[in-house]
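I have placed the structure first, in the form of structure tokens, so that the comments after it can refer back to it.
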Amino acid sequence: MTAPAEAKAAHPTPTQNEKSDDSLLQIRGLNKRFSLSGDFLEQLRFKGGKLVRHQEYVHAINGVDLDIKRGEALCVVGESGCGKSTVARMVMGLITPSEGEIRYAGERIDNLSSRQLLPYRKRMQMIFQNPYASLNPRMTIQQTLEEPLRLHHPDWDREKIEQKVEDVMRSVGIDPDWGKRFGHEFSGGQRQRIAIARALAVDPEFIVADEPISALDVSIQAQVLNLLMEAQQERNLTYLFITHDLAVVEHFGTRVAVMYLGTVCEIATTSTLFAKPRHPYTQALLSAIPRLEDDRPQHIRLSGEVPTPVNLPTGCVFHGRCPHANARCKQEIPVLQTQDDGTRVACHAVEEGRL
Ligand SMILES: Nc1ncnc2c1ncn2[C@@H]1O[C@H](COP(=O)(O)OP(=O)(O)OP(=O)(O)O)[C@@H](O)[C@H]1O
Ligand code: SF4
Ligand SMILES: [Mg+2]
């Protein structure tokens with residue numbers, strides 16, 4: 001395994017801002033709209049004999065606030081299309097927010113140019129769901145792992161780079177002698193190990209992992225998850241870990257954020273969330289997990305479909321499916337409120353003591 005001391009020493013000295021807060025990442029008022037209307041000419045329509053501009057948007061992210069603390073694994077859960085990957089891509093600077101702020105170690109990063117982002121790209125790395133797509137098929141494994149090192153350490157000589165590649169391959173359980181092979185010669189699990197090695201090669205402090213095990217055979221998911229957990233301990237990593245698998249959350253997460261239709265409905269420590277889910281959507285989500293205990297709550301069946309993010313509902317985005325919705329829920333958007341045990345819930349029924 002790569003020496004953790006070396007990994008830590010590689011990080012820049014914290015600035016004044018970094019020392020004052022244990023949050024490594026702060027997201028405030030984040031919104032992301034994707035236009036569905038094409039360019040200006042495609043937006044023009046005739047309405048009542050007049051030419052008008054018609055714009056339609058997917059409201060993918062709607063007012064997300066999140067803090068990720070140093071050293072934790074914050075899991076983000078929620079059904080397909082709720083905006084998990086969009087948050088991840090904005091955090092990594094792959095797409096720009098429509099509104100809101102993202103701060104990394106106290107410094108704003110959502111409005112930086114790619115050149116200004118370069119030092120953060122070393123500190124923050126991403127692991128994607130599909131290890132088949134994320135490795136360049138024309139590069140050997142050695143070249144794949146050397147590439148980020150050459151970018152972030154232009155002063156390193158060949159020997160130092162080769163030594164680092166060898167170390168990081170060993171640390172993820174890949175034989176360094178396989179460096180001359182190409183990605184397609186490896187199984188899905190081995191490819192994901194290589195993708196993890198690529199992320200770890202530059203000694204990052206923060207990793208965004210978007211469904212990193214869900215494309216793998218069930219038999220090897222646990223091995224790759226364990227590898228990520230070992231890396232976290234040895235390197236003192238912080239994770240933003242996206243998954244739809246609640247068993248993985250229970251095993252891996254320090255805290256959990258539950259998302260629905262581009263909003264965060266509840267954030268809690270993993271043990272609190274599983275023992276005492278507050279938000280009606282979290283309750284429904286957790287009631288679907290099969291449990292051996294006799295006292296498990298009844299499976300809550302939600303009526304209706306998830307609304308489309310093109311026409312967002314008014315008020316609480318969950319009101320059309322919520323068994324506790326009242327008139328206020330249809331008009332007023334609930335905001336996250338901190339409970340006695342530190343859990344944050346966005347729900348009028350919880351605030352009013354009805355739930
Ligand atoms: N480039 C885009 N253009 C238009 N709409 C998009 C774009 N990217 C994402 N969306 C929409 O934004 C919403 C959120 O998508 P996102 O991929 O973040 O969801 P997700 O929670 O990661 O889903 P999954 O679990 O399926 O990966 C969806 O309605 C999606 O269709
Ligand atoms: S705010 Fe209202 S509709 Fe939304 S989850 Fe709470 S009770 Fe249900
Ligand atoms: Mg996704």
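Counting starts at 1 for both ligands and their atoms, following the listed order.
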- request: Look only at the side chain of Q143 and the backbone of T140, and say whether a donor-acceptor pair between them is shorter than 3.5 Å.
  value: yes
* To do: Measure from the side-chain N and O atoms of R191 to the backbone N and O of G183, and report whether any donor-acceptor pair falls under 3.5 Å.
  => yes
The answer for which part of V58 has a heavy atom under 4.0 Å from ligand 1 is side chain
Honestly, for C82 the part within reach of ligand 1 (heavy atoms, under 4.0 Å) is both
Looking at [X], which atoms of ligand 1 are within less than 4.0 Å of one of its heavy atoms?
X    : result
T86  : 14 (C), 15 (O), 16 (P), 18 (O)
A60  : 12 (O), 13 (C)
P309 : 29 (O)

Heteroatom distance test (G83, ligand 1): nitrogen or oxygen, under 3.5 angstrom: yes
Would you call the rings of [X] and [Y] parallel, tilted or perpendicular if under 30° counts as parallel and over 60° as perpendicular?
X    : Y    : result
H153 : W156 : parallel
F186 : W178 : tilted
H279 : Y281 : perpendicular

Geometric cation-pi criterion, K32 with F34: 6.0 Å, 45° = yes
Rounded to the nearest 0.5 Å, the CE atom of M90 sits from the CD1 atom of I109 at a distance of 11.5 Å
For atom 30 (C) of ligand 1, decide whether some protein heavy-atom distance is shorter than 4.0 Å.
-> no
Protein residue, atom and distance nearest to [atom], heavy-atom basis:
atom                    : answer
atom 26 (O) of ligand 1 : S80 OG, 2.5 Å
atom 25 (O) of ligand 1 : K84 NZ, 2.8 Å
atom 9 (C) of ligand 1  : F34 CE1, 3.5 Å

When I68, V208, L228, L74 are each screened for side chain to side chain contact (heavy atoms under 4.5 Å, CB included) with Y239, the one that passes is L228
Of Q337, R278, E266, the one forming a side-chain hydrogen bond (donor to acceptor under 3.5 Å, both in side chains) with T343 is R278
Candidates G78, G81, S85; heavy atom nearest atom 14 (C) of ligand 1 found on G81
Answer yes when R198 and E147 have at least one side-chain N-carboxylate O distance shorter than 4.0 Å, and no when they do not.
yes
side-chain hydrogen bond (donor to acceptor under 3.5 Å, both in side chains) pairs touching residues 308-322, sequence neighbours excluded, are Y260-R321
Excluding water, the protein N, O or S atoms sitting under 2.8 Å from atom 6 (Fe) of ligand 2 are C347 SG
